[in-house]
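Down below is the structure, laid out as structure tokens.
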Amino acid sequence: MEHGFHAFFRHYHTWRALLRRIDPELGFLRPVGGYPVISREWPAEDLTGLPRVAPFNLLALFARSPSLGLRDLLRSDQRRAAELLAYERERTTAAFDDVPAAGFLAALGMSDRAQAMLFEAFARSFFADPGALSAAELVAMFHYYFLGNPAGIGFDAPATDHHTAIWTPLRDHLERHGATVRTGTPAHALAPADGHRWRVELGGEHLVTRHLVLATDPPALRALVAGSPQLADVAPGLAAKAAALPVAPPFAVTRLWLDRDVAPQRATFSAVSREPTLDSVTVYSRLERPSAEWAARTGGAVVELHSYACTAPDAATATARMRDELAALWPETAEAGVVHVHERIAATAPTFPPGGAAARLRVTGEGRGIRVAGDHVDTPFLTGLMERAAVSGVLAANDVLAEVGAGPEPLVAGPQRGLLAGLLPRPR
Ligand SMILES: Cc1cc2nc3c(=O)[nH]c(=O)nc-3n(C[C@H](O)[C@H](O)[C@H](O)COP(=O)(O)OP(=O)(O)OC[C@H]3O[C@@H](n4cnc5c(N)ncnc54)[C@H](O)[C@@H]3O)c2cc1C
């Protein structure tokens, strides 16, 4: 589904391979530009355009930065900072899963500025305050997106709306291959059926199938399992883990059609640090065709504001707070009139709280004929967000294909170990 601006990172190998089925050249994706982090207090930092290999990317970031400086790195607890370069799944999980990311960051001993501009904005894009995120997940994601990512932190975004660029062509592709796609048809309950099959209740009608891939968002999986009492007998692990699946606090997405443009120097996408509500701002009228056409016609601008771990009680309040915070960062928006607004607040994202690693669902092994996919699912190699959803989906498909004697679809993983993996003593 579409919920606003999404960065399609260049190292999303599986998601991109899937999208090549609808566009072999990926011509619908365009580079977005930098990844600046902006704040009221400090000059912007850009996380892109760095050397591609650790530790040079980390060193270069500190060396070139007007606000961080190598002093920050030298002042930090270097044993703790070295852990960022030493990602190794088992060791990192064992050492840091119980630790909140906020505590890990505080122990790094870096300046407040370095914490705010480098780590906090990054941590919050996983939908949680750093106090509610596992430090092991933070280290893993820092390795996956930044330090261990040979593609740098570069990303692209669709040049037009997701419905036109992705969902309609994917649906057409599936239908050409004989699939039936039914949106707006939620599954309400599952029950075992004869012949090692499953009965899926769709509200008034049902399907019977040998193979199930449960690829909903976490609260929907919780609801599906709660409505399927027989699961506890035949798939007790799935039933227990799904019932306890953690869900991130709400996110808010507001798209504003403004009666005037923003200043020309504004980046297309900016992450925002240290505002109570606003976490990112995207100038849609510089990104997406329908918005660009509207802006060219009217002289206005389309901007999209995101808030993760949003504390506002409703979408309208979130919009008002994000507008005020944006006006403090980009003063030219203070007086702009709002011609139209789309706003949404929802709590459907996964979260990875301290101490939660062992309870994560896996793609297979949770129940006969059942596979689980989505961005909350533990994958055997490092992935994140949309790529985690895609990889878990392909793993689920490969499991089905293996049973019918076809496949598999190949998967490509990036570097799985940090530069210093295996070289550090076990942290106390
Ligand atoms: C504001 C925001 C910004 C984001 N930005 C980025 C980004 O820049 N880069 C990035 O990689 N990721 C980003 N993400 C994360 C990304 O959206 C998710 O990782 C991705 O969508 C997860 O895909 P999924 O298939 O697991 O779940 P979803 O996309 O949530 O899809 C779940 C599907 O299940 C369906 N469903 C629910 N209940 C049922 C039911 N009972 N029966 C049948 N179907 C059901 C839903 O309708 C939905 O279509 C962002 C997320 C948000 C909210």
Side-chain angles (χ1 to χ4, degrees), residues 1-16 18-19 29 32 35 121-122 124-128 141 144-145 153-158 162-163 166-167 170-171 181-190 200-203 206-207 212-228 242 245 247-255 269-271 278-282 287 304-310 315 318 322 342-352 361 363 372-377 379 383-396:
M1 61 163 63
E2 172 154 3
H3 21 228
F5 175 76
H6 273 56
F8 289 57
F9 286 92
R10 305 229 167 92
H11 66 313
Y12 282 1
H13 305 293
T14 306
W15 184 207
R16 283 170 176 254
L18 209 151
L19 291 169
L29 289 176
V32 176
Y35 192 132
F122 182 79
R124 280 183 63 83
S125 52
F126 298 98
F127 308 107
M141 290 300 101
Y144 176 63
Y145 283 95
I153 199 162
F155 57 93
D156 306 299
H162 292 190
H163 187 69
I166 299 174
W167 301 124
L170 264 182
R171 181 188 191 126
V181 179
R182 295 176 61 176
T183 56
T185 314
H188 295 294
L190 312 171
V200 184
E201 299 297 340
L202 301 176
H206 69 270
L207 298 170
L212 267 183
V213 180
L214 305 180
T216 70
D217 50 84
L221 185 59
R222 251 176 21 188
L224 185 61
V225 167
S228 311
L245 207 52
V247 177
F251 58 84
V253 175
T254 296
R255 200 175 293 181
F269 168 82
S270 306
L278 185 62
D279 283 304
S280 78
V281 47
T282 308
L287 181 80
E304 191 178 274
L305 311 176
H306 285 197
S307 175
Y308 312 124
C310 182
M322 291 194 287
H342 270 182
E343 55 194 7
R344 176 161 180 247
I345 190 161
T348 54
T351 192
F352 306 100
L361 282 160
V363 175
V372 192
D375 62 354
H376 62 95
V377 175
T379 51
T383 53
L385 300 170
M386 287 196 285
E387 178 69 357
R388 195 177 281 165
V391 165
S392 57
V394 171
L395 286 167

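Order of listing sets the numbers, starting from 1, for every ligand and every atom in it. Here the structure is a predicted model, which is why all the values come from computation and not from measurement.
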Considering both backbone and side-chain atoms of [X], is one of its nitrogen or oxygen atoms within less than 3.5 Å of a nitrogen or oxygen in ligand 1?
{"X": "Leu224", "result": "no"}
{"X": "Tyr12", "result": "yes"}
{"X": "Gly374", "result": "no"}
{"X": "Phe9", "result": "no"}
{"X": "Thr185", "result": "no"}
{"X": "Tyr308", "result": "no"}
{"X": "Tyr145", "result": "no"}

Are Tyr145 and His11, when compared by the centres of their aromatic rings, separated by less than 6.0 Å?
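Yes.
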Would you please indicate yes or no on a ring centroid separation below 6.0 angstrom for Phe251 and Tyr308?
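Distance test on ring centres: not under 6.0 Å, no.
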Below a 4.0 angstrom heavy-atom separation, can you tell me which part of [X], side chain or backbone, both or neither, approaches ligand 1?
{"X": "Ser125", "value": "neither"}
{"X": "Phe5", "value": "backbone"}
{"X": "Arg388", "value": "neither"}
{"X": "Val253", "value": "side chain"}

Review item, side-chain donor-acceptor pairs of residues 218-227, under 3.5 Å, at least two apart:
unit_1, atom_1, unit_2, atom_2, d
Arg222, NH1, Leu245, O, 2.6

Do Arg124 side-chain atoms and Ser307 backbone N/O form a donor-acceptor pair below 3.5 Å?
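Not at all, since once roles are kept as given, no pair shorter than 3.5 Å links the two residues.
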Side-chain donor/acceptor of Ser392 to backbone N/O of Gly374, under 3.5 Å
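Yes, Ser392 side chain to Gly374 backbone: donor-acceptor pair under 3.5 Å.
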Pair Glu304-Thr254, side-chain donor/acceptor within less than 3.5 Å
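No donor-acceptor contact under 3.5 Å links the two side chains.
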Non-hydrogen atom of Ala215 closer than 4.0 Å to ligand 1:
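Heavy atoms of Ala215 do come under 4.0 Å of ligand 1.
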Could a heavy atom of Phe127 be found less than 4.0 Å from some atom of ligand 1?
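A heavy atom of Phe127 does come that close to ligand 1.
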Tell me whether the guanidinium CZ or amine NZ of Arg388 lies under 6.0 angstrom from the six-membered ring centre of Phe352 and within 45° of its axis.
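Yes, a cation-pi geometry.
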Using the ring pair (Phe, Tyr, Trp, His ring centres under 6.0 Å) criterion, which residues pair with His188? Sequence neighbours excluded.
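Listed in chain order: nothing, the list is empty.
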Before you tell me yes or no, could you show the steps for Phe8 and Phe155 under ring pair (Phe, Tyr, Trp, His ring centres under 6.0 Å), namely the whole-Å CA-CA distance, both residues' side-chain angles and the distance that decides it to 0.1 Å?
CA-CA 5 Å; Phe8 289 57; Phe155 57 93; 9.7 Å; no
